[in-house]
Each structure stands twice: as structure tokens, then as C-alpha cells.
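Notes follow the structure.
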2 protein chains.
Amino acid sequence: MSTPKIRNMEEFAALSGISRPTVSKYFNDPESVRPSTREKIERTLEQCDYRPNIFAVNQNRKLTKNVGIVVPYLADPFFAELARRVETLVIAEGFRPILLSSHGDPALEVENLESLRAIKPAGVLLAPLGRASDHAAIERFCADVPTVNFDSNIEGVGDVFVGHNNAQATTVMVDYLVRSGEPPVFFEMRTPPNPNANKRRIAYVATMERLGLEPQVIQAEGEGWELEEIGYRGGRRALQDRRLATNTVFCSNDRLAIGFLAAAYELEMKVGHAEGCELRVAGHDNHPFSRFTCPMLTTISHNYSAIAAKSVETVMHMIESGERLAERQITQFDGELIMRASA
Amino acid sequence: MSTPKIRNMEEFAALSGISRPTVSKYFNDPESVRPSTREKIERTLEQCDYRPNIFAVNQNRKLTKNVGIVVPYLADPFFAELARRVETLVIAEGFRPILLSSHGDPALEVENLESLRAIKPAGVLLAPLGRASDHAAIERFCADVPTVNFDSNIEGVGDVFVGHNNAQATTVMVDYLVRSGEPPVFFEMRTPPNPNANKRRIAYVATMERLGLEPQVIQAEGEGWELEEIGYRGGRRALQDRRLATNTVFCSNDRLAIGFLAAAYELEMKVGHAEGCELRVAGHDNHPFSRFTCPMLTTISHNYSAIAAKSVETVMHMIESGERLAERQITQFDGELIMRASA
DNA sequence: TTCATAAATTTACGCGCGTAAAGTAATTTG
DNA sequence: CAAATTACTTTACGCGCGTAAATTTATGAA
């Protein structure tokens, strides 16, 4: 801090007594210079905190150190949590994460991708909106930029997908619910924004049939991402109309379940797996808030850490190798049953 | 799309039949060129979708079009919601928002500011961590970059603060609770991460005394941002030990209240303002999930839209004028009582 | 038509850094 | 100690654009 302001690498090089190209080399990879020069540079660095101009650097490199992270809806703590883990891993790899949320809007999703294109990212981690997404636009983007799709799998789009094993997870929950009480009714949105929902319904029906049980699916009306509200309204109606064939409800995701629980509470129905309860409610996702519902929500957890780690690992591999995979690679991690009080 | 790839402004200018400097002028302000030339450029733009290289642009401009947004904890839907609104307004102003979360970590907060410095933002909207923040580092940053502090006011740091009127909001809630039942006990963290908490406690005590009532403050142990967990544990203990002087609890914020409600539910205490309830619980913030607690949470809403609008408006004014305010400017928006079932 | 003014063009330089080529110095090897 | 290798220095160019100065052209009113 004692030395005057350093304006550019030229001045810094002069101060450290090393030539500018060598200094440039150092900043691209400190290991690539001789230990003695490295030490000189780092000693100088301590007393004047110079940092290369990020714009000039990125202008001249073909590949930046930027990694885009796009999630469909950041105000959903589920995605916030996933993004947080991914972000941390990206930083650990020495890259700069750029976090963007599509706020549930397909147009904004495309804008986000265009915006990322402009900063020439080395790679991108994309959790697409799903049904509403502009598939063609995403396809084009994946063709141009090394992209790992995660969480939400749009069939046939992109080279790589990393996500949750919806089929396995759903089967585990249905098995548990059947063994521990009455078989579950499946509660979902009629038009879910996320393709995971369809896989869950299909797995539910298949598991029920395998067990020789009659599946029942109840679909709530409503568009958009206000899932609690949709779960609340649809749940209230279903309960009032007594449309449930059994006393057990398996919600397609935790946010719907949170709404459903609110509805049950209002109707003064006691929820839980304990004696004297009239209703069991289970969810799916292990949403950060599912531990604090009343009663605490029985659910299935994503393997958050594995999904985040594999996604980042994969995009890093794509970046380093520069290759594209011959065929589509899909990785799915099993979910884990979280038994709490609600079912 | 018919024309081949345009590599730079030079080629684009040639294609449109306009000189490069004029094209450059157009991109900085389309209104600044003659309508006829503007039309020519825009016609060319339609058939080859060229966009100026963002790095080259930012390298040469003294002021970029970047606006940093830093929040303490993005996985908290409260901040996610606030960030979403701010982001939208920043885009509407024609700037590029860069959203960063400090994930509750003071070191990361400082890193985020350093990272922002590197991209020469025109302005920054900063919601600091609060107590844990490195005040000196933030102070230095505010001195260098036009910065609006929002949500969390660190006394004396920065030129501008926009936030919630904790004193007014707390008073309104205490008044309401006193008029509608027994006076409230205040429930908070012993070491809250956020300075708003202190203002709320002080206002609670003052209001109680003004009303001639005995204030009672119960403080939950625990560090960090897992507020629901802290509220749950502290609430459970307070309820079991029967430490509440009255049947009414005013939680310092909704996340604590969510935990408190979970504790009350587990202890089979009926919560609500209705007949036959043993406990009333109120919160503060109108957290996105407070509508779906059991029972639905009575709380006080921030004026989210006003805070977001004023913050963005202020930073834009600082950017355009280039001036610094002579003295510290503080704007606080009143909260609004949201009466729901819990109190 | 003429002139004053506004707008575009030409020319030129600079931003801060990556990077290549050729030469020089330091280090390692035998 | 000389030769071979490696690391560094010098020099030079380019990236894509902002921007200033001087010149030319277009616009509109007199």
C-alpha cells in the first residue's frame, strides 16, 4: 500500500523488476514461472495490490474464466440452495460464477443466455425452466457453449444432464407410504412448469400398479411458480370435496405440500403419521423449509451435494478437454427418504 | 441471418454503409444519430444480429453499464424477493445487474466487493451482512464506488441508506397486539446477525413503556443464518419452561416466528387469535412463506416495492450526477400490518 | 441559390493485456 | 567447464472499441 497506485501491468512489471510478458504469464498460471521470479512478483503484489484489468484480459483470451449459472427461479429456496452449492464449487475451481435467474419467464431465460453469450463464458450450468422454455434457443446455445443441464431435463436438449432420480425417489416414497399406512393419492399441478413432475406421476402410477393398487391422481389448477398458493387452493378444494380415496397424500413437491398442509390446517384436519391423525401428507425435494412445517414434512431429499459436484465436475471437464460428447450423457442421483412427522 | 458472421464493429459498419464511429455513437445512444442513419443501422441489425463486444466496450468507457447488487443471504427468500425486484428495475434503467450473495460470510462479502471493483460498476446496491460485516472495508468501498446501502443500516457507513422503518412498524404491531389481546413478549436472537433486530427490540421496549406495560424480552441462543432452527429451539425451550409472561409472542422476524410456530405445534399448543387458542404469535417482514404457515402468520410487511424503487432511483441519480451527497441521506418506508390467523 | 448549422466521415490514437518471435541470461546436465 | 536446456527479456503486433480533431456532406432556413 505504500507505493503509489499501479495503473496497469506495465507499471507493475517495472516495480517488480520483471518483464511484462512474464508477469502476464504469472497471472495466467503462477506455477509457470521460476520460483524465484514468482516470489519477486508476490512480494511486490503484497505492497500494491494490483490486479489485471478483467476486461482487457477477457478481450484477448479466447476463453474467459467465466462460468454462467442459470436457474429458473431464484426466489425458490430450493434453487437458491442448489445455486449456492454450485457457485461455491465453481469458485473453488478458480472460475468466476455469474448467477442469473429467469424468474419463471421463458423470454428472460433466453435473454439470460444471450447475455451470457456476450461474456464468452468458458462453460454454463443451466437449470432450464422446462415446459415453457424455448427449446430451440436452448438447443442452439448448448451447441455453441459447453453447457451442463441440471435439475430439469428437457428431453434431447444439450449434451449432458445431471439431476435427481425422480423414478427411484418416487418409488421409495410410495413403498414407504404403503407399508406404513394407507396407499397414497398423488397430488400435483395439472400443468406443472417443471418436467420432473411428469416423471414423478408416471413413477407413482407404475409403482402403484406394481403393488396391485389403484392409483389416484388429483391435479390442481393454476399456472406459474406460486406453488404454495396452488397447493393451498387445490388442496383445500380436494379436502372439502372429499375426493381423496385414502387418508394419505403424496405431493409432487414440497412447495405444493406446504400449501396443502396450510389447507388441511385451516380445515382443522390433524395431519401426521401418529395415532389420532386423519391425514398423512408427504412431499418431495427436501425443501429447506420442509423441516419447519406443521407438522414437519416427510419428504425425499435430492442428493444436493452430489448433483452440484457432478455438474461442476462435468462442465470443468468439458472446458478442459474442449471436446463434445458423442452421445447424450445422463447422470441421476438417488433420493433419500426423510421420515418426519407428517407421514 | 443471411449475411455471414460479423466479427466486429468495423465489418458491421461496412455492411451498413455507415462509418464505424457513427455506429459506435448509435450503440451508445440510438437517439444521437440522424433518423435516416439510425434506420439504416437497424435494418442491417435485423439481418445479422451483431452486438458490440462487451469487454472492449467496458475497457474503453470510464463508466460501465454494470450495477452490482450484493445481498447477505440469497437462500433467504426475503432477500431473493428483494433482489428480484431490484434486478428488474435495474434492467429497466438499461443497466446490467450483477447479483452476488455473501452467503452469510463476511469474508465473502468483502470478496464480492473486490470482485465488483474489478468490473468497474457504475453503481452498487449493497445490503450488508450487518454486525459481522467488515465495516472498514465497506466504508472504503462506498468511498470509491457510488453505493446505496439498503435493508440493513450500518451506522455511519456509506452516503445513502434506504430501508424499512423498524421503529414505526414495531410500534404498530405492539399497538395492535395490545388492543386485541394480551400484551406481547418480544422474542429474538441474543446475537442477531442483522442490525434491524436491535432497532426492533428498542422500539418494542419503548412502546411498551409508553403504554405503561412491562416489557419482556426472551433471547434465543444461536449464531448464523439458520433462523428457523434458532427460533424452533429457543421457542421450544421458552414454551416448555413457561417463561412467557403473557400468551402473546412478537417475534423479531418471520423466520424466527416460523421456527417458533413449529415448536408450538410440536408441543400441541393451539396458536391463533381465535377463541380457544392458548397462544398468539406474530412476526415481522411479511416473508414470502408467512402466508403458508400453520396458522397463517400475522406480520408486518416491508414496503418492498418502495424500498426497491427508491434504492434503484437513488443509485441512478448518483450515477448520473456523479456527485456525492454532502451528508448522509436516510430513507425509511413505513411497514404495513398484515393481519392473519396467528395473532 | 446561399449560407449557417448539424451530422457523418476520415484519420488517428489509446485502452490494458495476450501472445508470438528472436535474442539473452540463468540453470541444469554430463 | 562446456553444452544443452529452460526461463526470461525485448520487441512488436493485435484484440474491439471509445473518442477526439479535422474535414466533408447533408439539412433547413433565408
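Order of the sequence lines sets the chain letters (A, B, ...), proteins ahead of strands, with each chain counted from 1.
- Judged purely by distance below 3.5 Å, without hydrogens or angles, the side chains of A:His135 and A:Ser133 never pair a donor atom with an acceptor atom.
- Residue A:Tyr50 is classed as a sugar-phosphate contact, given heavy-atom separations below 4.0 Å to backbone atoms only.
- Side-chain proximity of B:Gln59 to the nucleotides C:dC17, D:dC17, C:dG16 is greatest for C:dG16.
- Scanning for side chain to side chain contact (heavy atoms under 4.5 Å, CB included) contacts around A:Val33 gives A:Thr22, A:Lys25, A:Tyr26, A:Thr37, A:Arg38, with sequence neighbours left out.
- Residue B:Ile6 contributes atom CD1, which lies 11 Å from atom P of D:dC17 at whole-angstrom precision.
- By the salt bridge (Lys or Arg N to Asp or Glu O under 4.0 Å) test, A:Glu81 is found to be paired with A:Arg84, A:Arg85, residues two or more places apart in sequence or in another chain being considered.
- Rounded to whole Å, atom P of D:dG18 lies 15 Å from atom CZ of B:Phe55.
- No side-chain heavy atom of A:Tyr50 sits under 4.5 Å from any side-chain heavy atom of A:Thr44.
- Residues B:Arg20 and B:Asn8 have side chains that never bring a donor and an acceptor to within less than 3.5 angstrom of each other.
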Nucleotide N/O of nucleotides 22-24 of chain C paired with protein N/O under 3.5 Å:
none

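- A:Asn58 comes within contact range of no nucleotide atom at all, as no heavy-atom separation falls under 4.0 Å.
- Note: CZ (B:Phe27) to P (D:dG16) measures 15 Å, nearest angstrom.
- Residues A:Glu39 and A:Arg43 meet the side-chain proximity criterion, which asks for heavy atoms closer than 4.5 Å.
- Note: CD (A:Glu10) to P (D:dT10) measures 10 Å, nearest angstrom.
- For B:His103 and A:Glu87, the side-chain atoms include at least one donor-acceptor pair closer than 3.5 Å.
- Under the 4.0 Å criterion applied to side-chain N and carboxylate O atoms, B:Glu114 and B:Arg117 are assigned as salt-bridge partners.
- Atom C1' of nucleotide C:dA7 and atom CD of B:Glu31 are separated by 15 Å, given to the nearest angstrom.
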Quiz item: Which nucleotides of nucleotides 8-14 of chain C have their base under 4.0 Å from a protein heavy atom (B), which only their sugar-phosphate (S), and which neither (-), written as one string 5' to 3'?
Solution: SBBBB-B
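- Rounding to whole angstrom units, OH of residue B:Tyr26 and P of D:dT19 are separated by 17 Å.
- When the options A:Asp159, A:Asn153, A:Asn149 are evaluated for a side chain to side chain donor-acceptor pair (under 3.5 Å) with A:Arg328, the one that passes is A:Asn153.
- Note that CG of A:Asp151 and CG of A:Leu125 are 12.0 Å apart. Values are rounded to the nearest 0.5 Å.
- Per the geometry, NZ belonging to A:Lys65 stands 17 Å off P belonging to C:dC17, to the nearest Å.
- Not counting sequence neighbours, the partners of A:Pro77 by the side chain to side chain contact (heavy atoms under 4.5 Å, CB included) test are A:His287, A:Pro288, B:Pro77, B:Phe289.
- Rotation axes derived from the C1' atoms of the five outermost pairs at either end of the helix from C:dT1-D:dA30 to C:dG30-D:dC1 lie 10° apart, to the nearest 10°.
- With rounding to whole Å, B:Met9 atom CE is found 19 Å from C:dC15 atom P.
- Minimum atom distance to the side chain of A:Asn8 is reached by C:dG16, of the listed C:dG16, C:dG18, D:dC17.
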